[in-house]
Every structure is written in C-alpha cells, then in structure tokens.
Undergrad: 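Questions regarding the structure given below will be posed in turn.
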Amino acid sequence: MKRIGVLTGGGDAPGLNAVIRAVVKTADKDYNCDVMGIRDGYDGFLNPYGVVPLGPADVRGILPRGGTILGTANRGNPFARKLIQEGKEIVVDVSEQIIEGIQRLQLDGLVVIGGDGTLHIAMELFARGVPVIGVPKTIDNDIGGTEVTFGFDTALNTATEALDRLHTTAEAHHRVMVLELMGREAGFIALHAGVSGGADIILIPEIPFKFASVTQKVNERVAGGSLFSIAAVSEGARPAGGEQVVKSEGDAVYVPRLGGIAQMVGKYIGETCKTETRVTVLGHLQRGGSPTAFDRWLATRYGAAAVRLAAAGGFGRMVALRDAKIIDISLGEALAVPKRVDVEGETVRTARGLGISFGDA
Ligand code: F6P
C-alpha cells in the first residue's frame, strides 16, 4: 500500500477531523503510506485544486476541531448531479470522471467518511472497481450494522445541554418549552437527549403521536403541581395519520429538508392548554463545535481501523462498533436496513417507565 485517499462527504459531524488525523498518522507510521486528501467530498476528483497531500504535519492540532479540514458536500452525488444548462436544470452522471480521477491518482485505497448517502455512492463505486473503505459518520446515528456513528455523542450532549437550559427558564416562567432536534427519519437524538435531559414529552418519527395525548401530558403535570413541561421533538416526528413537516420538498435527486414540526406542536399546546409555550429549534448547533471525548476516541479508532482494513485489502467494507470492539462489515450489510429506534426496545421502555409521554397514549 503506497498511497491512499481520504474524503469526507454529506453533512458534517463532530469528529471528522479526528478520523482524518488517525488515517494520516496510521498510514504514515504503520505503513509508510502517503495520504491524499480529497476536498469537498467526491467533487475533489473533478476539481483541479481538489486533491491535497496530507502528512502528519498537516493534521497537527485538528483533533478537537469540529467541521472538516477537507470540506464536504451533501449535494454531490456523482451518479446524479444537478446542473443548469442553457437555463434548464439537468441531471448528469459524472461517475466516470470520478473513477478516472481516482485511477489517475493511483490510489491503493479510498477511505470514504460519510453517512447513508455518501456510503451508498461508495458502494456503487466499489461495484465499478474502486477500492473503497467506509467510515460511518452522522449525528443522526442511523447507519445499520454499527452500534454508534461518530458525531452522535457530541450532538446528544449539545441537545441535552439545551434541554437543561430550557428547564430552568421553563420552570421560572411556568411555561412549556418545545425543542426541535435533528435526526431525519431516526429519533435517536430526541430520545437519548430527552431521557438525559429529563424531558416530559418525546416525539420521534418511529412513534406517530396524537396532539391530544401531548396536551393531556401537559395538563396532567399542571394538575399535579408541575406548572412547566419540556418536550423534545425530533424534526421527523409526525402526527398519526399526518405528514412530516418539511422546509423544502425533495425530488429524485435531493432528499426533503425537514423542519417545522415543533412550531406546530407548540402552537397546538399554546392554544389548547392554559400554559404559555415557547419553541426553540436547535438546528445546526448540533453539528458544530468540538467533538466530545467519546467521539474523538471513536473517530480515532475508526480512522486507524480503516487504514488497517485497506492494508489487508478489505475493500467494499465499513468499520463499525459492536460490543465495544471495532469490527468491519460489508457496505451492503451496513446499508441494507437503515437504523431506527426500536419502539419496543429497552430505551423506549425505560423512558415510558419514567413517565415520559411519546404522545401515543
Ligand atoms: O443528516 C444530518 C442532518 O443534520 C440531519 O439531522 C438534518 O435533517 C440534515 O442533516 C440537515 O441538512 P442541511 O445541513 O442540508 O440543512
């Protein structure tokens, strides 16, 4: 193994730089192997300035830094790229150019750090002969085959801190505070932060809710002498029989952008209960900032394991965490079924046992 590439794709997540650092250091020290950084996801292969050599000196000091020194793109699918040509929107396949770019660089392996979308592209490139290794990244924690993706823990801590802060002001003003959290179709951030931050109501995509059940919980608390309530609402949560709330519709190329459900829930509570209600959308604060120690530790282990896997020729595979050990699984296995909250599982049961409402009673 003489030279490998590394790229970061999709929405950023805290810990990307820790993976890049571990890839570069492990490749250099254990294999005397060069690393080429590919900028802005797969786009780097198309751009004349899109490839940069990365040595140990280039990754010094980046372990605690959020974002990614390589940049990323979450609208850069080489198999379906939207372009404007003669004033009209067209979708083109630039995958051949990407493959040529990889061949030109004579990469013995390409470490792809990404979520569902980026890893699906990696799997298609693998089928076309590209020696890819996947590293699972996303704050949503929705990749199959691994217990956890890096980035999730940091987002969870940010969300929990937000709930703690909302608690004090909610209590002071006798208000209902509704916090909208990210996660797309997976409710892990809202569920785990809701439990860790002592929420009274948790709404997640996996459990459709009823507005009347949400307000019943608020009213019960008031009747019991707790004049404030806290609701952690996943952006993908939906009322039973209703639709998710989107900021922008998706199409054949782009997924919809979710957002707005907390506003709807807050408005309903405000109008139905006698308690003043305020809504906070935590948004991209969940993606930014320095990774937690857990995410630095996990990201570093993933990065080092990805290089060892490349050296062993384990292409088309993804590093994963299972039973506290780093293992590797095929990208096909990882991506076959996206991970979702187990609605009958121990975490949901624990939350219900604590009296938390999922709005489905
Ligand atoms: O997948 C990560 C994520 O942060 C989701 O939780 C969220 O729905 C989406 O990305 C936001 O994407 P964007 O950065 O394009 O607004």
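Just so you know, ligand 1 is whichever comes first in the structure, and atom 1 is the first atom listed for that ligand. Predicted, not measured: the structure shown is a model, and the values here were computed from it. Sequential numbering from 1 along the given sequence is applied to the chain's residues.
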Undergrad: Does the cation-pi check pass for Arg75 over Tyr254, that is, NZ or CZ under 6.0 Å from the six-membered ring centre and within 45° of its axis?
TA: yes
Undergrad: Step by step, would you call Trp297 with Thr292 a side-chain contact (heavy atoms from CB on, under 4.5 Å)?
TA: CA-CA 9 Å; Trp297 170 85; Thr292 58; over 6 Å; no
Undergrad: Could you check Asp28, Val111, Val135 and say which one makes a side chain to side chain contact (heavy atoms under 4.5 Å, CB included) with Val23?
TA: Val111
Undergrad: Looking at non-hydrogen atoms alone, which of Lys137, His284, Gln286 comes nearest to atom 14 (O) of ligand 1?
TA: His284
Undergrad: With respect to Gly183, determine whether any N or O atom, backbone or side chain, lies less than 3.5 Å from an N or O atom of ligand 1.
TA: yes
Undergrad: What's the shortest heavy-atom distance between Gly194 and Ala232, and which atoms?
TA: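 Heavy-atom minimum between the residues: CA-CB, 4.2 Å.
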Undergrad: Measure from atom 12 (O) of ligand 1 to every heavy atom in Arg257, Arg287, Met182, Lys247 and give the option owning the shortest one.
TA: Arg287
Undergrad: Any N or O of Glu235 that comes nearer than 3.5 Å to an N or O of ligand 1?
TA: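 Yes, there is a polar N/O contact under 3.5 Å.
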Undergrad: For Asp360 and Ser213, which heavy atoms make the closest approach, and how far apart are they?
TA: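 Minimum heavy-atom separation between Asp360 and Ser213: N-OG, 3.5 Å.
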Undergrad: Which protein heavy atom lies closest to atom 2 (C) of ligand 1, and at what distance to 0.1 Å?
TA: Asp140 OD2, 3.3 Å
Undergrad: I need the contact type for Asn74 against ligand 1. Using non-hydrogen atoms and a strict under-4.0 Å cut-off, is it side chain, backbone, both or neither?
TA: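 Only the side chain of Asn74 comes within reach of ligand 1.
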Undergrad: Suppose we measure from atom 9 (C) of ligand 1 to each protein heavy atom; which comes out shortest, and what is that distance?
TA: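 For this ligand atom, the closest protein heavy atom is Arg184 NH2, 3.7 Å.
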Undergrad: Could you check whether Asp142 pairs with Arg184 (Lys NZ or Arg NE/NH1/NH2 to Asp/Glu carboxylate O, under 4.0 Å)?
TA: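 Between Arg184 and Asp142 there is no salt bridge, as every charged N stays at least 4.0 Å from the carboxylate O atoms.
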